[in-house]
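Values below: all heavy atoms of this structure, side chains included; hydrogens, waters and symmetry mates excluded. Here, residue 1 is the first one in the sequence, and each next residue gets the next number.
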Amino acid sequence: MGKFSLLLSLSVVGAVTVLAFQGNQTSLDTRERQSLRQGEVIARQIARTGYNSVLSEAHKTDEPDKEVGEVVSEVDTVQGEYEGGTYKAWLKKISSSAYTAVSVSRFSVADSTVEYRLGGYANNKMDAPTVEVPSQLNVTFEQSMAGYCSAIYLKRVKPGTKPKDQPDPEMIFPPGNNRNGTSASYDKTIESGTRLNFILAVDKNCSHEGSESANFPDDYDHTQFSFKQDVDKLNTMREAPYGMVEETTIGSSDGWRVSFEDQRVFSEAQLWDIKENGYPRYDGGWDRWRKTYGGEGWESNGEGLRHLEDYGSVPDFSDQVFDVALTDPNSNSS
């Protein structure tokens with residue numbers, strides 16, 4: 001994604017505001033409080049309708065060669081009514097290659113108006129990280145708590161180079177786990193314009209743990225790519241379902257946080273639902289009809305990134321998480 005950033009603003013988490021028109025809210029009787037709670041539920045549904053509507057318009061407008069700003073301008077604001085309330089939804093550009101959707105609903109109940117705000121990110125407009133100037137990489141594990149052993153590979157996609165002539169994936173970390181805080185460097189200088197595709201190679205039984213001579217991909221149970229490349233369009237790379245890449249700053253260096261779901265037990269619909277909507281608010285399982293776990297936006301970790309948890313029963317993308325910093329090949333500092 002060139003320098004892309006997935007959303008993580010305060011609006012990502014659904015927020016409820018109750019605007020009292022008359023009386024003191026603290027004196028509401030039980031019946032009125034029940035009405036307000038029901039109003040919050042309806043307001044949330046209305047906001048979700050607006051959220052889905054604006055993303056639907058974005059999908060109609062978006063094209064591979066269209067700039068993010070063009071999509072945001074063309075979609076503009078979507079307004080409507082649902083279940084007796086109103087919604088207003090729009091897209092917000094958050095980087096040169098990513099946008100976020102925001103929806104605000106209002107629903108009147110008793111003598112008050114309930115307002116609900118919902119945010120999320122659109123998965124169809126994420127480009128692979130691109131090196132802007134000749135650089136080297138430093139990779140540091142933030143989380144590595146899965147039971148499986150996994151290796152980390154870098155697939156460089158060089159500009160103007162046919163797929164058959166591209167470099168093979170190169171190992172950054174050999175198979176292993178429990179590596180929080182461990183760092184490794186990629187010392188080759190990466191030319192400007194090169195796109196970076198990170199790969200998680202899973203060794204379930206840790207049979208190749210620590211081996212730098214493990215063969216890719218034959219010695220692994222499966223591999224998860226952070227991006228997938230369109231074989232018909234050399235320069236088109238889209239975010240793949242098993243990985244999440246977020247732009248960040250590491251020290252004084254530009255970089256990315258890369259996080260993977262290492263299991264192959266979830267459908268693509270389930271993976272994308274978590275990526276777009278966050279973890280379930282309630283432990284209700286997968287809704288097959290609505291195709292959602294019911295998440296209402298990601299919580300921020302305080303640094304503009306998703307707050308990742310070891311969730312277990314849903315795709316949590318916290319199995320292997322690492323930071324990638326660009327470094328100047330002529331300097332020892334990042």
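Side-chain atoms of Ser226 and Asn197 include a donor-acceptor pair closer than 3.5 Å. Residues Gln320 and Ser144 bring a donor and an acceptor atom of their side chains to less than 3.5 Å of each other. Judged purely by distance below 3.5 Å, without hydrogens or angles, the side chains of Ser207 and Asp203 pair a donor atom with an acceptor atom. Neither side chain, Gln79 nor Tyr87, offers a donor N or O lying under 3.5 Å from an acceptor on the other.
Hydrophobic clustering (side-chain heavy atoms under 4.5 Å, transitive across Ile, Leu, Val, Met, Phe, Trp, Tyr) groups Val265 together with Tyr279. Under the 4.5 Å side-chain heavy-atom criterion for grouping Ile, Leu, Val, Met, Phe, Trp and Tyr, Met171 is connected to Phe225 within one hydrophobic cluster. Criterion: ILVMFWY side-chain heavy atoms under 4.5 Å apart, direct or through other members. Under it, Val68 and Leu91 are part of a common hydrophobic cluster. Val202 and Phe216 fall into different hydrophobic clusters, defined by Ile, Leu, Val, Met, Phe, Trp and Tyr side-chain heavy atoms under 4.5 Å apart, directly or through other members. Val245 and Ile199 fall into different hydrophobic clusters, defined by Ile, Leu, Val, Met, Phe, Trp and Tyr side-chain heavy atoms under 4.5 Å apart, directly or through other members.
Of the possible donor and acceptor atoms, one in the side chain of Asp319 sits under 3.5 Å from a partner among the backbone N and O of Asp262. In terms of modelled atom types and a separation under 3.5 Å, the side chain of Ser318 and the main chain of Glu309 share a donor-acceptor contact. A donor-acceptor pair under 3.5 Å links the side-chain atoms of Ser73 to the main chain of Gly69, judged by distance alone. For the pair Ser103 (side chain) and Ala47 (backbone), a donor-acceptor distance under 3.5 Å is present. With hydrogens and angles ignored, the 3.5 Å screen pairs a side-chain donor or acceptor of Gln136 with a backbone N or O of Asp187. Under a 3.5 Å cut-off, the side chain of Tyr311 and the backbone N or O of Pro280 do form a donor-acceptor pair. One N or O on the side chain of Ser53 and one on the backbone of Thr49 form a donor-acceptor pair closer than 3.5 Å. Distance alone, capped at 3.5 Å, places no donor-acceptor pair between the Glu74 side chain and the Val71 backbone. The backbone N or O of Asn180 lies less than 3.5 Å from no partner atom in the side chain of Glu142, so there is not a single donor-acceptor pair. In this structure, Ser105 contributes its side chain and Ala43 its backbone to a donor-acceptor pair below 3.5 Å.
Of the inter-residue distances, the one linking Arg156 atom CZ with Leu154 atom CG reads 7.0 Å to the nearest 0.5 angstrom. Note: Glu115 CD to Glu40 CD = 12.5 Å, rounded to the nearest 0.5 Å. For the atom pair CD of Glu246 and OG1 of Thr248, the computed distance is 8.5 Å after rounding to the nearest 0.5 Å. Rounding to the nearest 0.5 angstrom, the gap separating the CG atom in Asp316 from the CZ atom in Arg306 is 13.0 Å. In this structure, CZ in Phe198 is found 12.0 Å from OG in Ser259, a value given to the nearest 0.5 Å. Note that CZ of Phe322 is 10.5 Å distant from OG1 of Thr140, once rounded to the nearest 0.5 Å.
Between Val258 and Met244 there is no side-chain heavy-atom pair separated by less than 4.5 Å. At least one side-chain heavy atom of Trp286 sits under 4.5 Å from a side-chain heavy atom of Asp273. You'll find the side chain of Tyr242 reaches within 4.5 Å of the side chain of Leu271, heavy atoms only. Counting heavy atoms from C-beta outward, Glu239 and Lys275 have side chains that approach closer than 4.5 Å. Side-chain contact between Leu326 and Trp256 is present, with at least one heavy-atom pair separated by less than 4.5 Å. Residues Thr194 and Pro159 are in side-chain contact: their nearest non-hydrogen atoms beyond the backbone lie under 4.5 Å apart. Within the 4.5 Å cutoff, no side-chain heavy atoms of Val139 are placed close to those of Asp323.
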Before you tell me yes or no, could you show the steps for Thr327 and Leu137 under side-chain contact (heavy atoms from CB on, under 4.5 Å), namely the whole-Å CA-CA distance, both residues' side-chain angles and the distance that decides it to 0.1 Å?
CA-CA 6 Å; Thr327 64; Leu137 295 181; 6.0 Å; no
Check the pair Gln38 / Ile42 against side-chain contact (heavy atoms from CB on, under 4.5 Å), numbers first and verdict last.
CA-CA 6 Å; Gln38 182 62 29; Ile42 297 174; 3.9 Å; yes
Quick one, Val104 with Trp90, criterion side-chain contact (heavy atoms from CB on, under 4.5 Å). Give me CA distance, side-chain angles, the key distance, then yes/no.
CA-CA 9 Å; Val104 177; Trp90 62 94; 3.8 Å; yes
Any chance you could lay out the side-chain contact (heavy atoms from CB on, under 4.5 Å) test for Leu196 and Thr130, step after step, and finish with the verdict?
CA-CA 6 Å; Leu196 308 178; Thr130 302; over 6 Å; no
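The two residues Lys66 and Thr61 make their nearest non-hydrogen contact at NZ-O, 3.0 Å. Nearest heavy atoms, Ile250 versus Gly255: CD1-CA, 4.3 Å. Taking both residues in full, the closest heavy atoms of Tyr186 and Glu170 are given as OH-OE1, 2.8 Å, listed atom of the first, atom of the second, then distance. For Glu261 against Pro315, the heavy-atom pair with the smallest separation is OE1-CA, 3.5 Å. Residues Val133 and Val131 share a closest heavy-atom pair of O-CG1, 2.8 Å. Across all non-hydrogen atoms, the minimal contact from Leu308 to Phe317 is CD1-O, 3.5 Å.
Phe173 and Phe141 have their aromatic ring centers within a separation under 6.0 angstrom.
Between Glu247 and Arg257 there is no salt bridge, since no side-chain N of the basic residue sits under 4.0 Å from a carboxylate O of the acidic one.
Residue pairs meeting the side chain to side chain donor-acceptor pair (under 3.5 Å) criterion with at least one partner in residues 208-224, sequence neighbours excluded, are Tyr153-Tyr220, Ser211-Ser213, Gln224-Arg264.
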